[in-house]
Amino acid sequence: MVIKPRIKGSLALNAHPVGCKKAVEDQIEYVKSSTSYNGAKKVLILGASSGYGLASRISLAFGGSKADTIGVSFEKEGNGRKPGSAGWYNNIWFKEAAEKEGLVAKNFIGDAFSHEMRDEVIKYIKEEFGGEIDLLVYSLASGVRKDPDTGEVYRSQLRPKGVSITGPTFNVEKESIEELTLDPATPEDEANTIKVMGGEDWNLWVDALTEANVVSKGFQTLAYSYIGAEITRRIYREGTIGGAKEHLENTALDLNKKLKDSIGGSAHVAVKRAIVTKASAFIPIFPLYATVLFKVMEEKGIEENAIAHTHRLFTDMIFGDKMEMDDKGRIRPDSWEMREDVQREVMEIYKDITVDNFKELTDFARYKRDFMQLNGFEIDGVDYEADVDLEAMAKLRP
Ligand code: NAD
Ligand code: NA
C-alpha cells in the first residue's frame, strides 16, 4: 500500500511506518555524531514513544553511556489494512536499533497511570533488568487519566483562568489561521487538569519504585515542564495547564527532598523549549508563537529540534558541568528561548501577524514539516511512492 498523509484540521490521522523508521534513525545519527557524556546506564522512560520522551531515550541509549532502557507508552497497533500510530513504530524501530548494538530495549504498551503497569515494570526490573534503575524520565502527555485507586476518569482542559481569551490557531490541513475563543476554566477544570498533568502520578511511580527497592543509590528522576513567555502566558502558564505544571514542579521539590534523604538521590523538573509535538498542536496561540520562535532562533543560530535540545540537556546540564538551575530548583535548557532579545523580536513579529501574511512572517513551512514528520511524512530520503507491506509491518512487535 502507498501511504499518503491524512490530516483533519490539526489532527494527523495516519502514520508512515518507513518514514518513522528514518526519523528514529536520523535522531540516533544526530546524537552519535554529537558530543557524548557519561550518564545513566539503566533507565525507565514514561512516555517513551514520541516527542521529548523518545528524544531522551535516544540520547541516553546512543549518545551517553549506552543505557539499557525500558519505555512505557500508549500507542495503537496497526494491521494488514491500516498503519498503527507513529509511536507504535517508533518503539519498534528504536528497539531494533538498540538491540543491534547489544542494548536492552524493553517496551510496555498500556496505561502508565495504572498500578498494574507499575507492578509489571517493577517485576521486569527485578527479574530481567538487573534489579535496579538509576534514572526515571517522566515525559507523559495525556488529556485523560484514570485514578488508579478510585477508577474515576479525569480529563484535562486547556483553558485560561478567570477570563475568556481569543487567539489564533493553525489549521494545518487548510494551511490557514482560525480564531479560537476559549471560555474561562471552572474550578473543576483546574482541578482535573492538575489531576491529569500534575505531579501525582510521578509521585506514585517514585514511591512504588523506591518501596520495591528497584532504584540505585543516587537514583535520579526528571520530569518535563514548560514556562514560555508573554504571548502564551494567559493560555499556558497562567492557564489550567500552567497550574498542572506548577503542581509538577512542587512535586519535584518534595521528591527531591525525599530521595536525597533516603538514598542520596534527586528529582528535578527540566523546563524544555517549545517544539511541535502531538500534544502541543492543540494548544491555541502556542503553535503560532512556536513558528515565530523558530524563525527568530534560526536567524540567531540557536534553533534546536527536540533531539538537539534534549541531548544538550543531558550533555551540558544533567551529566555535564554547565548546569543552569533557577531559584526554584528547575533546570533551564529553555534559557535560549527565554532570552530577552529572542522574546522581544518574537513579540515584534507576532503583533503584526494577520490571517493573510502569516506564511511570510512566521516559519509556517517549518511548522508544517515538523508536524508531518511526527508521523513519518516529509522526511528526506524516504520514497513515499513505494509500496509499504502492512502485513509484514503488522508482524513486527514493539
Ligand atoms: P508527546 O505527545 O510527544 O508524548 C507523550 C507520550 O506519553 C507518548 O509516548 C505517549 O504514548 C505517552 N502517553 C500518553 N498517555 C499515556 C498513558 N496513559 N500511558 C502510557 N503512556 C502514555 O508529548 P511531548 O510534547 O513529548 O510531552 C512530554 C512532556 O514534555 C510533557 O510533560 C510536556 O508538557 C513537556 N513539554 C512539551 C513541550 C512542547 O513544546 N511539546 C515543551 C516543554 C515541555
Ligand atoms: Na514524550
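Order of appearance sets the numbers: ligands from 1, and atoms from 1 within every ligand.
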Counting only heavy atoms, which portion of [X] has something under 4.0 Å from ligand 1: side chain, backbone, both, or neither?
| X | result |
| --- | --- |
| Met117 | neither |
| Ala290 | neither |
| Arg145 | neither |
| Ala223 | neither |
| Tyr138 | neither |

Problem set entry | Heavy-atom proximity to atom 38 (C) of ligand 1, best of Tyr224, Phe113, Tyr52, Tyr226 |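 The nearest heavy atom belongs to Tyr52.
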For this session: Please work out which of Gly47, Ala270, Ala141, Gly87 has its closest non-hydrogen atom nearest to atom 14 (C) of ligand 1.
Result: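 Result: the heavy atom closest to atom 14 (C) of ligand 1 is in Ala141.
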Problem set entry | ring-ring contact (aromatic ring centres under 6.0 Å, His included) contacts touching residues 139-162 (sequence neighbours left out) |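 Matches after skipping sequence neighbours: none remain.
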Problem set entry | contact_flag Gly110 ligand 1 heavy-atom lt 4.0 Å | yes
How are the rings of [X] and [Y] set to each other: parallel, tilted or perpendicular (split at 30° and 60°)?
| X | Y | value |
| --- | --- | --- |
| Tyr30 | His311 | perpendicular |
| Phe358 | Phe170 | tilted |
| Phe319 | Phe314 | parallel |

Seminar exercise, completed: ligand 1 atoms nearer than 4.0 angstrom to some heavy atom of Phe74 are 11 (O), 16 (C), 17 (C), 19 (N), 20 (C), 21 (N), 22 (C)
Show which side-chain atoms of residues 70-79 pair as donor or acceptor with protein atoms under 3.5 Å away, not counting sequence neighbours.
residue, atom, partner, partner atom, Å
Ser73, OG, Asn91, ND2, 3.0
Glu75, OE1, Ser85, OG, 2.7
Glu75, OE2, Ser49, OG, 2.6
Glu77, OE1, Arg397, NH2, 3.4
Glu77, OE2, Arg397, NH1, 3.0
Glu77, OE2, Arg397, NH2, 3.0
Asn79, OD1, Arg81, N, 2.8
Asn79, OD1, Lys82, N, 2.8

Exercise. Between Thr240 and Arg159, does any side-chain donor sit less than 3.5 Å from a side-chain acceptor?
Worked result: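 There is no such pair between these side chains.
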